[in-house]
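Remarks on the structure that follows.
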Amino acid sequence: MHYLVTGGAGYVGSHTVRALLQHGHTATILDNFSTGHRWATQGQVVLDVDLRNPSALRDALRGLEIDGIFHFAAKSLVGESAKTPVTYYQNNVTGTANLLEVALENGWHRVVFSSTAAIYGNPLTDRITENHPKVPINVYGQTKLTVENMLKATCEASPMAAVSLRYFNAAGAAEDASLGEVHDPETHLIPTALKAASGAGQPLTIFGDDYPTPDGTCVRDYIHVQDLADAHLRAMNALEQQRLEGPQFDAFNLGNGVGFSVKEVFAACEDIVGQSIPYRLGQRREGDPARLVADASRAREELGWQPRHSEIEMIVATAWAWEQKHRSA
Ligand code: UDP
């Protein structure tokens with residue numbers, strides 16, 4: 001099969017391209033390289049296009065033969081989204097509207113969408129299921145929820161069929177350290193801690209230790225990026241087999257179902273690195289719920305998905321191997 005992968009030069013997108021190649025498929029990567037990397041495109045056809053530009057998008061995609069779309073391209077930082085909401089709505093919502101319009105024009109009717117646990121807001125239950133109320137508390141989550149609503153409506157009004165995958169905290173790197181996470185600036189917990197460990201970054205700031213959690217720091221469900229990539233292939237396969245429940249749209253949580261606090265993740269980083277890592281305590285970061293942990297049973301049951309890299313130490317170890325390789329490159 002040949003797939004269009006928007007944001008395929010980014011973190012989860014590039015790992016999904018890698019998984020597609022491993023399964024004998026190929027990809028056309030569409031990316032504006034605002035945060036993506038050329039080195040992550042793995043020899044695939046690259047379209048350097050911004051989704052906010054509908055005519056450029058239409059021109060670039062004209063005549064392509066596409067079996068399905070994996071849609072990753074988006075702005076994805078909670079903190080940044082509070083400061084530049086218009087940019088977030090333009091990239092994530094308008095960009096997706098343009099993509100769907102061109103997809104429908106071309107008769108491309110399968111979409112796997114990169115969504116997020118941020119659409120739920122503050123959880124009312126210990127583990128979040130897909131039907132949990134959706135009241136995002138940050139702009140990033142608002143934009144992703146708006147896109148889910150747009151996708152669902154589009155699926156009801158057209159032959160389009162879509163699966164939305166709601167990631168909890170994507171983390172780790174390819175096991176062979178051939179791909180991994182590189183953001184500039186880096187803001188995510190594990191790479192920031194590991195950068196501090198390698199001496200390449202500032203000490204880690206722990207964003208708040210006064211949350212209503214056992215050690216006062218935020219609890220998150222960290223899920224390995226290769227497990228996320230695998231779920232994308234399964235979701236596309238489900239669309240191809242037309243074996244999803246409901247008419248045309250479905251959504252699945254992707255997480256391990258186990259929560260780790262910032263302090264616990266930090267301790268795992270120190271363990272893997274084998275030394276203490278400099279850190280300081282800071283203020284809470286705007287838009288951070290205290291706890292986000294998935295109930296991902298539906299993905300297991302309906303997609304046959306089984307995370308294979310569930311241990312936090314294993315997740316951190318792959319990120320550390322990548323950090324060392326990337327720094328020395
Ligand atoms: N975090 C932190 N210091 C950092 C980066 C993140 O304390 O330098 C915390 C953040 O407040 C959140 C958790 O680590 O509770 C995971 O944040 P990250 O940015 O990695 O992912 P997000 O939850 O925003 O997707």
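On a predicted model such as this, the values are computed, not experimentally measured, just so you know. For ligands, and for the atoms within them, numbers begin at 1 and follow the listed sequence.
- Short contacts between ligand 1 and D288, defined as distances under 4.0 Å to a heavy atom of the residue, involve ligand atoms 10 (C), 11 (O), 12 (C), 15 (O).
- The side chain of Y222, and not its backbone, has at least one atom closer than 4.0 Å to an atom of ligand 1 (non-hydrogen atoms only; side chain from C-beta on).
- Shown here are the side chain to side chain contact (heavy atoms under 4.5 Å, CB included) partners of H37, two or more places apart in sequence or in another chain: W39, A40, V182.
- Atoms of ligand 1 lying under 4.0 Å from at least one heavy atom of C218, given by number and element, are 15 (O).
- Nearest-residue assignment for atom 5 (C) of ligand 1 (options V219, I206, T187; heavy-atom criterion): T187.
- For the residues R285, R291, E286, the heavy atom positioned nearest atom 17 (O) of ligand 1 is part of R285.
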Practice prompt. List the steps, then state whether ring-ring contact (aromatic ring centres under 6.0 Å, His included) holds for H183 with H188.
Written response: CA-CA 9 Å; H183 300 111; H188 292 113; 5.1 Å; yes
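- Distance check, rounded to the nearest 0.5 Å: CZ of R284 to OG1 of T217 gives 11.5 Å.
- For atom 25 (O) of ligand 1, the candidate residues are N138, N169, T116, V78; the nearest heavy-atom contact is made by N169.
- On a distance-only criterion, T205 and ligand 1 share at least one N/O pair closer than 3.5 Å.
- Every atom of ligand 1 is numbered from 1 in the order shown, and the set under 4.0 Å from a heavy atom of R220 is 15 (O), 23 (O).
- The side-chain hydrogen bond (donor to acceptor under 3.5 Å, both in side chains) with S164 is formed by just one residue from the set E130, H71, E148; it is E148.
- Interface atoms of ligand 1 facing L204, defined by a heavy-atom separation under 4.0 Å, are 3 (N), 4 (C), 8 (O).
- Taking the six-membered ring for Trp and thresholds of 30 and 60 degrees, Y11 and H15 have ring planes more than 60 degrees apart, a perpendicular arrangement.
- In terms of protein heavy-atom proximity, atom 4 (C) of ligand 1 is nearest to F207 CE1, 3.3 Å.
- With rounding to the nearest 0.5 Å, the separation of CD1 in I206 from CG in L189 is 8.0 Å.
- In this structure, R38 satisfies the cation-pi test against F33, with its NZ or CZ atom closer than 6.0 Å to the six-membered ring centre and inside 45 degrees of the ring normal.
- The parts of H188 lying near ligand 1 are both backbone and side chain, judged by heavy-atom distances below 4.0 Å.
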